[in-house]
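Structure, as structure tokens:
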Number of protein chains: 2
Amino acid sequence: MTDPALSPDPTFHRAAGIALWRQIADFLRSELRAGAWPAGTALPTEATFAHRFGVNRHTVRRAVAELVAEGLVRSDQGRGTFALGERLAYPIGRRTRFSEIVGRQAKAPGGRLIASGLEPAGGWQAEALGVVPDTPLLCLETLGVADNVPVSLARSWFVAERFPRIVETYTETGSITAALSRLGVDDYLRRWTRIRARIAEPAECERLDLTAGATVLIAEALNDDADGTPLHVSSTRFAADRIEIVVNAEA
Amino acid sequence: MTDPALSPDPTFHRAAGIALWRQIADFLRSELRAGAWPAGTALPTEATFAHRFGVNRHTVRRAVAELVAEGLVRSDQGRGTFALGERLAYPIGRRTRFSEIVGRQAKAPGGRLIASGLEPAGGWQAEALGVVPDTPLLCLETLGVADNVPVSLARSWFVAERFPRIVETYTETGSITAALSRLGVDDYLRRWTRIRARIAEPAECERLDLTAGATVLIAEALNDDADGTPLHVSSTRFAADRIEIVVNAEA
DNA sequence: TAGAATTTGTACGTATGTATC
DNA sequence: CGATACATACGTACAAATTCT
């Protein structure tokens with residue numbers, strides 16, 4: 001029943017205007033960095049911490065929520081709270097393709113179609129694709145998986161008139177690159193990528209198997225063909241505690 | 001005293017296994033997107049929402065915390081909760097420089113030295129700079145400001161032996177580019193950038209004027225000179241609700 | 001300028017729900 | 001099925017920051 005914390009249990013008081021939960025979060029963060037709980041191992045329970053630190057369980061919960069949000073730990077209802085490890089690299093360049101990317105670091109990368117549909121181009125999609133607003137677009141929502149862990153949730157939009165069979169072709173091939181290739185597009189390049197970050201919405205948490213409060217990196221991108229004609233736009237949400245985006249200079 | 005919500009107050013019940021606070025967050029998110037509260041305007045108080053929705057104030061707080069984390073609103077103790085607006089673009093390319101960047105969209109960009117010191121190269125800094133671990137590095141911590149709003153908090157590391165006077169020169173010029181230029185480096189290029197995201201730590205919240213629970217985008221980068229010799233590495237934290245990173249392809 | 005009112009932040013307590021072991 | 005552990009939701013009280021009087 002001894003636990004692997006490196007330091008003796010400290011006591012916390014509301015001193016110097018620092019909230020108790022912050023002091024506790026700071027303490028746990030430094031313990032995690034010092035290796036008190038290696039990746040994958042379980043931290044003591046909330047109740048245990050509450051007792052050892054002499055605070056209410058809610059105060060511990062607030063501190064743990066902070067660490068979840070920082071991507072250091074993950075909480076699973078009914079199981080416990082677990083330390084997380086390093087992130088996978090997701091390189092972005094002119095020739096970014098999901099399948100080739102994660103494939104070098106993880107086994108069994110793959111895409112799964114979650115939903116698809118026809119929707120009118122709105123706002124930035126129309127502008128990026130160079131079509132008038134409300135032009136019919138085919139939208140594919142796909143889940144990227146590496147080593148059986150979901151890492152990305154992407155929405156891709158194509159001009160329906162140009163790629164009327166993109167959904168069926170994606171379903172058959174399981175890859176945007178392969179689908180486009182079969183539809184006569186041998187090569188495409190990424191024109192630009194916009195990267196944002198925010199906390200995951202509930203629907204994203206479910207798909208990406210994230211706990212509430214986790215962060216998503218959002219990459220919106222425009223891809224065009226060799227002639228510079230816009231091909232498709234996409235908005236990909238990554239689990240920020242599993243992925244980092246890498247931008248390499250290309251000579 | 002009428003408020004500008006577009007929809008009538010809904011009532012929430014713990015149905016279909018969806019937590020009350022999630023339903024409330026979903027509702028407020030859609031109202032925000034529909035323009036119920038334009039950027040800069042105040043939302044009704046927590047107590048008001050609690051009364052109107054027929055729930056406890058803490059339940060409203062949990063929902064609002066979610067929106068804060070998503071970068072949609074910001075809460076200020078003693079003042080209220082305010083809707084946020086669009087993000088500034090921060091382009092990344094071979095020739096990324098802070099001063100030129102924000103300058104095109106916002107007035108009065110500038111850098112301020114917050115701290116500096118000598119520290120041994122550790123881990124990724126040593127690897128990136130191509131020096132042995134524990135090589136003495138000079139570290140500058142700087143705050144990037146646009147329109148009097150802090151947008152970035154950067155740490156830059158230089159090999160101390162090569163740039164012994166980088167701190168003084170930065171203090172005089174207020175810019176890394178200008179300081180390097182005065183030290184004989186006319187040009188430098190960005191070799192790579194790694195982008196992560198997580199919730200801001202307390203110290204970052206204070207510097208970047210963020211509320212607890214806000215998200216930071218973290219860009220770690222290596223810059224080298226025309227010969228390909230590593231010049232300096234940096235780790236920049238951006239307020240994710242004020243900035244988006246843009247990666248443009250360069251022909 | 002002092003103080004009251006307002007509004008968000010912290011911390012506690014209690015009870016119950018839900019998922020896992 | 002029971003025990004464990006995290007999740008939700010209520011209540012209460014006070015602290016801290018801001019704004020109004």
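- Rounded to whole Å, atom C1' of C:dA11 lies 16 Å from atom CZ of A:Phe53.
- Nucleic acid contact for A:Arg74: none, since no nucleic acid atom lies under 4.0 Å from a heavy atom of the residue.
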Q. Stepwise, does the side-chain contact (heavy atoms from CB on, under 4.5 Å) test hold for A:Tyr170 with A:Thr142?
A. CA-CA 10 Å; A:Tyr170 179 88; A:Thr142 57; 3.4 Å; yes

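- One can place CZ of A:Phe49 at 19 Å from C1' of C:dA11, the figure rounded to the nearest angstrom.
- When only modelled atom types and interatomic distance are considered, B:Thr81 and B:Ser75 share a side-chain donor-acceptor pair under 3.5 Å.
- Every residue two or more places apart in sequence or in another chain that forms a side chain to side chain contact (heavy atoms under 4.5 Å, CB included) with A:Arg61 is listed here: A:Glu46, A:Arg57, A:His58.
- The CD1-C1' distance, from B:Ile24 to D:dC10, rounds to 13 Å in whole Å.
- One N or O on the side chain of A:Glu204 and one on the backbone of A:Glu201 form a donor-acceptor pair closer than 3.5 Å.
- B:Gln23 places its CD atom 13 Å from the C1' atom of D:dA9, with the value rounded to the nearest Å.
- Within 4.0 Å of B:Val55, counting heavy atoms only, lie sugar-phosphate atoms of the nucleic acid but no base atom.
- Distance, B:Glu46 CD to D:dC10 P: 14 Å, rounded to whole Å.
- As a whole-Å value, the separation of B:Ile18 CD1 from D:dA9 P is 11 Å.
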Protein-nucleic acid N or O pairs under 3.5 Å, nucleotides 19-21 of chain C:
unit_1: C:dC21; atom_1: OP1; unit_2: A:Arg79; atom_2: NH1; d: 3.2

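- B:Glu141 places no side-chain N or O within 3.5 Å of a backbone atom of B:Leu113 that could act as its donor or acceptor partner.
- Taking for each of A:Asn56 and A:Arg62 the nucleotide of DNA chain C with the nearest heavy atom, the 5'-most of the two is the partner of A:Arg62.
- OP1 or OP2 of D:dC10 lies within a sub-4.0 Å distance of a side-chain N or O belonging to B:Thr59.
- Looking at B:His58, its side chain comes within 3.5 Å of the base of D:dT12 through a donor and an acceptor atom.
- Remark on DNA chain C: of its neighbouring residues A:Trp21 and B:Ala47, the 5'-side contact belongs to B:Ala47, judged by nearest-heavy-atom nucleotide.
- Under 4.0 angstrom from either OP1 or OP2 of D:dT4 there lies no side-chain N or O belonging to A:Thr45.
- Electrostatic pairing of B:Asp209 and B:Arg242 does not count as a salt bridge here, judged by no charged N lying under 4.0 Å from a carboxylate O.
- Ion pair B:Arg22/B:Glu66 not flagged as a salt bridge, since none of the NZ, NE, NH1 or NH2 atoms sits closer than 4.0 Å to an Asp/Glu carboxylate oxygen.
- For the pair B:Gln125 (side chain) and B:Val233 (backbone), a donor-acceptor distance under 3.5 Å is absent.
- Note: CG (A:Leu210) to P (D:dA7) measures 14 Å, nearest angstrom.
- Judged by distance alone with a 3.5 Å cut-off, no donor-acceptor contact links the side chain of A:Arg57 to the base of C:dG13.
- A:Thr81 has no side-chain polar atom (N or O) that falls below the 4.0 Å cut-off from OP1 or OP2 of D:dA5.
- Between D:dC6 and A:Arg61, no contact under 4.0 Å exists linking OP1 or OP2 to a side-chain N or O.
- Atoms CD (B:Glu206) and P (C:dG9) sit 16 Å apart, rounded to a whole Å.
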